[in-house]
Each structure stands twice: as C-alpha cells, then as structure tokens.
Amino acid sequence: LQNINTVNNKEWCVPIKIAFFDSGQGGLTVWEKVVEDFPSVSTVYLGDNARCPYGNKSAEVIRSYTRQAIHFLLEQKVNFVAIVCGTASSVSIESLRSEFKIPIIGIIEGLCKFASLVLKESTKPVAVLATRFTIQTQKFKSELQNYNIHNIWQKACPVFAPLVEDGISDGPMIEQACELYLNDIPKTVKIVLLACTHYPRIVEPISRYLYKKTNRSVLLKKLDKDVILAPKNSAKKCDDPIYLIEASTSIHHSIEDVIKNGHFKTKDIKGRHKLFCTDAPHHFEMITRYFTQIPLPKTELVNISGIL
Ligand code: DGL
C-alpha cells in the first residue's frame with residue numbers, strides 16, 4: 001500500500017477510505033461493525049439491490065457485476081476494497097486483484113482462518129451455509145482444507161438472502177427455510193460458518209433451530225467473548241456448544257492490518273460514510289434502518305450497469 005506522501009521531506013499519511021460491496025443488504029452486517037470498531041475509517045458502501053440475489057446466477061454474470069461495482073467504487077477514490085459478499089468473493093478474487101491495481105479482500109480467507117482458530121484440534125464437523133453459487137464453487141471447502149479441516153458439511157440456502165433483503169428476519173417463513181436446509185446437519189457439528197453476509201440477520205432463528213435439533217447451546221463467537229444465542233436467557237455454561245461465526249468478526253484483523261501496513265492516518269479523524277444502491281433507494285434505506293442501530297447517511301441511487 002503506497003499511502004505515505006512526502007512533502008518537504010516530511011512524511012504524512014492519508015486518511016483511509018474503504019469500499020464495501022455486496023449484492024444488497026448483506027454486506028451492511030460487516031460494514032456496520034467496521035464503522036463501529038474503526039471510527040476514523042471513511043467508507044463507501046454499494047449494494048447492487050437492482051440485481052440481487054447474485055447467488056443463483058452464473059459465474060460470468062456475477063464476475064461482470066462485481067467488475068462494474070469495483071469500477072464504480074474506484075471512482076469514489078477509495079484506497080481499499082472489501083467484497084463483503086460470499087458469492088462475489090467466490091468468483092475469482094485473483095483475477096479481480098490483477099485487473100484492479102488496488103488491494104481487494106473477500107470474506108473467504110478470513111472466515112476460514114477464523115474457523116480454524118475456533119475449531120483448534122477438533123475434528124468435529126464444520127458446516128458451511130451459503131448461496132447456491134458459493135457452494136457450487138467449493139471455494140470455502142478448499143480454503144478450509146488448507147487449514148487441514150476435512151470434516152465439512154455444506155448447504156446451499158437460496159431462500160435466506162431474498163427474505164432478509166425484504167426485511168424478514170424471523171417468523172414462519174424463515175423457520176420453514178431452516179427446517180428445509182438444516183434438517184440433515186450433523187448433530188455433532190462444532191462450527192456453523194455463515195458464508196453469506198445476509199445470514200447474520202437471521203442468527204436467532206438459525207440458532208433456535210440448531211438448539212432444538214441438537215440440544216446443545218449455540219453461541220455467537222466474537223473476538224473477545226461468546227454471546228449465547230440459544231437457549232435464550234440461559235447463563236448456564238455449556239460443555240460442548242455449537243459456534244456460529246460470521247464475516248464481521250473475521251474481517252476485524254484484516255482492517256487493522258490495512259491501517260497499520262498502509263500507514264494510514266487515523267488520529268484526530270472522524271470517518272465519513274456514503275451509501276449507494278442500484279434501485280429503489282427509499283426501500284433500501286427503510287430496510288437498512290430496520291436492521292441497523294447506527295446512524296446512516298442518506299442512500300444515493302447509482303446506475304452501474306453501463307460502466308463496462
Ligand atoms: N450477501 C451475499 C453473499 O454473501 C449474497 C446473497 C445473494 O445475493 O444471493 O453471498
């Protein structure tokens with residue numbers, strides 16, 4: 001990262017501005033955590049909700065949408081791109097990195113590394129929940145295998161993201177979808193990896209279902225603590241919990257590294273934020289406000305489809 005400029009032999013650093021990209025609402029689960037944890041970081045968020053969901057589309061189409069998104073984000077003068085979409089991260093990040101001369105991260109490496117740290121020496125199953133495209137690519141599976149994790153159960157959950165996109169995060173439809181997708185999850189599962197960034201919005205019904213199915217507590221793994229998700233109101237320490245892990249936690253160290261290695265200025269700076277979507281900004285904003293507690297800028301409409 002080349003961000004140190006020299007003026008009169010004095011070194012000074014530029015502020016950091018990170019771009020976040022997802023097919024829609026999902027990446028906001030990562031964005032909001034970064035905004036909270038790194039107040040000096042400025043951000044630009046793009047949700048391509050006009051073309052969401054990506055998860056049922058082909059590699060060619062997803063790659064082309066992702067390239068258009070990155071082109072648009074580069075026009076916003078960002079110095080780093082975080083593809084906070086499991087599906088877009090599963091099209092070749094390497095080819096995007098060689099095409100765009102800017103640091104780009106996806107969510108696969110960080111999440112799989114985090115899973116290996118949580119799993120330690122255990123050989124119990126790791127479940128990967130993601131979109132159909134992500135599962136088809138086997139990218140999470142092969143990255144987990146790089147960490148010597150081989151007991152992997154994968155499931156495509158194509159209905160979850162469109163429900164979340166419409167502001168539905170619990171209730172009978174989500175419960176039915178949990179039954180449909182999770183009924184054959186191994187009872188000994190140790191980690192459930194939320195490999196789609198929309199899924200953190202539905203951790204409650206997912207964890208309720210897992211508890212009902214396995215009779216084991218379900219905890220959300222954070223960097224500094226575990227949050228008990230199910231059974232609700234239980235302070236009881238449990239011997240063999242199931243851990244849910246998500247990209248907003250695993251991305252933390254990557255952002256820290258970027259700030260440190262890029263020598264970005266972070267002192268005495270307050271980050272500014274811009275949100276863009278590609279259709280119906282009022283609706284997008286309404287759903288975003290329903291999900292997130294943090295103050296939001298007005299969502300702006302942008303057309304990225306003609307960029308390439
Ligand atoms: N948030 C996305 C992901 O992480 C997307 C879902 C979709 O567009 O299908 O995969």
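Every number for a ligand or one of its atoms is a count from 1 in the order of the listing. Computed over heavy atoms, backbone and side chain alike; hydrogens, waters and symmetry mates excluded. Position 1 is the first residue of the sequence; numbering continues from there.
For Tyr209 and Glu175, the side-chain atoms include no donor-acceptor pair closer than 3.5 Å. A side-chain donor from one of His253 and Glu256 sits under 3.5 Å from a side-chain acceptor of the other.
Taking only nitrogen or oxygen atoms, main chain and side chain alike, Tyr54 reaches within less than 3.5 Å of ligand 1. Residue-to-ligand polar distances keep Val84 apart from ligand 1: every N/O pair is separated by 3.5 Å or more. Distances between N or O atoms of Thr134 and those of ligand 1 include no value under 3.5 Å.
Between Leu73 and Phe276, the closest side-chain pair of non-hydrogen atoms is not below 4.5 Å.
Under a 4.0 Å criterion applied to the non-hydrogen atoms of Thr131, ligand 1 contributes the atoms 6 (C), 9 (O), 10 (O). Under a 4.0 Å criterion applied to the non-hydrogen atoms of Ala161, ligand 1 contributes the atoms 6 (C). The Cys196 neighbourhood of ligand 1 comprises atoms 1 (N), 2 (C), 3 (C), 4 (O), 5 (C), 6 (C), 10 (O), with distances under 4.0 Å to a heavy atom of that residue. In summary, the atoms of ligand 1 found under 4.0 Å from a heavy atom of Asp22, numbered by their order in the structure, are 1 (N), 2 (C).
Ring planes of Phe20 and Tyr45: parallel class, angle under 30° (limits at 30 and 60°). The aromatic rings of Phe100 and His71 stand perpendicular to each other, their planes meeting at an angle above 60°, with 30° marking the opposite boundary.
Here atom 5 (C) of ligand 1 lies nearest to Ser23 when heavy atoms of Ser23, Gly55, Cys157, Ser90 are compared.
Look at Glu94 and Lys139 and you find no salt bridge, because none of the NZ, NE, NH1 or NH2 atoms lies under 4.0 Å from a carboxylate O. A salt bridge between Asp240 and Lys190 is present, with a side-chain N of the basic residue lying under 4.0 Å from a carboxylate O of the acidic one.
The protein heavy-atom contact nearest to atom 10 (O) of ligand 1 is Thr87 OG1, 2.6 Å. Of the protein's heavy atoms, Gly86 N, 2.6 Å lies nearest to atom 4 (O) of ligand 1.
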